[in-house]
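Data first, discussion second: the structure below is written as structure tokens.
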Amino acid sequence: MMQVTGDATPLDFDQLEAGHEFAPTSCRLSAETVQAYREAVGDKVTPPAESPPMAIAACGMAALARVLTIPPGTIHTAQEMQFLRPVPPESDLRCRARVVQKQARARFRMLAVEITISTADGPALLQKTTLVLPEISPRPSETE
Amino acid sequence: MKLTAAGLQPGDALPPQSRLVRQEDVNRYARASGDFNPIHIDPAFAAATPLGGTVAHGMLVLAYVSQMLGATFGSQALYGGRLAIRFKAPARPGDTLRTEGKVKSIEARQDGRLITCTLLCRNQNGETVLTGEATVKV
């Protein structure tokens, strides 16, 4: 499983504003993690000396879950990625995330977050994730 | 079947790929990625949501799309390129997902060519699961 470490306490949607930069996190992309990922997605394309590019993106999502409270039922609606260079297994990744868009209308809550994933050699992947969070429960006054 | 830029033209179709998504695949992806959102792995929880049942991780479906591109253009093709996807409908366990692509444009560069493709992933009922665009460098 992808192991993400960091000092931050996950923040809730209501605590965020557009432009907010989350505390950085780290993800160790061990050989075992990469192999588990390959088997999980049936990867037969990526050479053994490289991690599947989407495994790096999955690290980014795991890093986001470390700094953002993602409630059960959250839906992933869009994803953009720029793959800059291959990353070998046994790499230490540094993840930085920033809120680029936040919308809350009635009970609709949407969040777009940009994530930069870097190794010691520099940025390896840039991604933007859009999430729709589940409806919030009505306040007691709304049900009386 | 691996393609090269030579001979490709806008409008050309990429070799499609199909994948059966099983709940065990979704569970295995949850373990590998650390994403244990119950919407993916807890049938009782998922049944009580508007989705009515478990759904595959969007990132799992994207992995299948990425592999289609890698099988078509080579594993290095995504580097220096990009992928932009919108998820249109959930992929559910038991679905067979067919990923198709079509060449949209080809741009010559000093260090190769950038091929932009539109992407479409549909389930066995013809419902669109995702749409998007990929740019690969070959």
Side-chain angles (χ1 to χ4, degrees), chain A residues 1-4 27 32-66 70-87 124-135, chain B residues 2 19-20 24-40 42 45-46 48-51 55-88 90 130-137:
Chain A
M1 190 174 87
M2 293 182 180
Q3 298 287 345
V4 178
C27 182
E32 292 76 19
T33 297
V34 171
Q35 184 58 29
Y37 181 91
R38 286 178 189 271
E39 290 172 2
V41 304
D43 182 275
K44 297 179 175 61
V45 176
T46 310
E50 295 175 13
S51 307
M54 291 303 299
I56 313 301
C59 272
M61 298 298 289
L64 181 60
R66 181 70 177 79
I70 302 179
T74 295
I75 303 296
H76 189 179
T77 59
Q79 183 80 4
E80 295 176 31
M81 291 160 289
Q82 289 184 52
F83 303 92
L84 303 180
R85 56 188 176 77
V87 175
L125 172 66
L126 309 175
Q127 65 186 91
K128 179 180 169 185
T129 294
T130 305
L131 304 172
V132 171
L133 282 65
E135 294 181 11
Chain B
K2 209 167 288 185
R19 293 289 294 263
L20 171 63
E24 63 189 85
D25 297 320
V26 178
N27 296 345
R28 188 179 299 175
Y29 185 84
R31 290 192 295 273
S33 66
D35 182 352
F36 296 103
N37 185 337
I39 198 68
H40 304 304
D42 185 340
F45 173 90
T49 70
L51 288 171
V55 299
H57 303 74
M59 296 296 282
L60 173 58
V61 179
L62 262 181
Y64 297 155
V65 172
S66 169
Q67 286 177 58
M68 184 274 266
L69 293 168
T72 301
F73 293 107
S75 64
Q76 299 299 305
L78 272 176
Y79 300 110
R82 63 185 292 270
L83 192 55
I85 296 293
R86 296 196 76 83
F87 297 104
K88 296 296 191 180
L130 67 77
T131 60
E133 198 170 277
T135 300
V136 297
K137 188 171 142 186

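Labels below follow one simple rule: chain letters A, B, ... track the order of the sequence lines, proteins then strands, and each chain is numbered from 1. Just so you know, these numbers come straight off a predicted model, no measurement behind them.
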With respect to chain A, which residue among [options] yields the maximal number of heavy-atom pairs within a distance under 4.5 Å?
options                              : result
B:Glu133, B:Lys137, B:Gln67, B:Arg86 : B:Gln67
B:Phe87, B:Tyr29, B:Tyr64            : B:Phe87
B:Ser33, B:Gly34, B:Gly58            : B:Ser33
B:Gly81, B:Pro90, B:Ser66            : B:Gly81

What residue, out of [options], has the most heavy-atom pairs lying under 4.5 Å from chain B?
options                             : value
A:Met61, A:Met54, A:Gln35           : A:Met54
A:Asp43, A:Leu84, A:Val34           : A:Asp43
A:Gln82, A:Met81, A:Gln127, A:Glu80 : A:Met81

Rounded distance (nearest 0.5 Å) linking atom [atom1] of [X] with atom [atom2] of [Y]:
X       : Y        : atom1 : atom2 : result
B:Met59 : A:Gln79  : CE    : CD    : 4.5 Å
A:Phe83 : B:Thr135 : CZ    : OG1   : 11.5 Å
B:Arg82 : A:Leu125 : CZ    : CG    : 12.5 Å
A:Ile75 : B:Asn37  : CD1   : CG    : 7.5 Å
A:His76 : B:Ile85  : NE2   : CD1   : 10.0 Å

For [X] versus [Y], what's the shortest heavy-atom pair and its separation?
X       : Y       : value
A:Val45 : B:Gly70 : CG1-C, 3.6 Å
A:Pro72 : B:Phe45 : CB-CZ, 3.5 Å
B:Gln76 : A:Pro86 : OE1-CG, 3.8 Å

Select one option (side chain, backbone, both, neither) describing which atoms of [X] are under 4.5 Å from chain B's heavy atoms.
X        : result
A:Glu50  : side chain
A:Ala58  : both
A:Lys128 : neither

(message) Has B:Arg31 got a side-chain atom pairing as donor or acceptor with A:Ala36's backbone, closer than 3.5 angstrom?
(response)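 Side chain of B:Arg31 to backbone of A:Ala36, a donor-acceptor pair under 3.5 Å: no, none is there.
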(request) Check whether B:Leu130 gets within reach of chain A through its side chain, its backbone, both or neither, counting any heavy atom under 4.5 Å. (result)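 For B:Leu130, no heavy atom lies under 4.5 Å from chain A.
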(request) Counting only heavy atoms closer than 4.5 Å, note whether B:Leu60 contacts chain A via side chain, backbone, both or neither. (result)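 For B:Leu60, side-chain heavy atoms alone lie under 4.5 Å from chain A.
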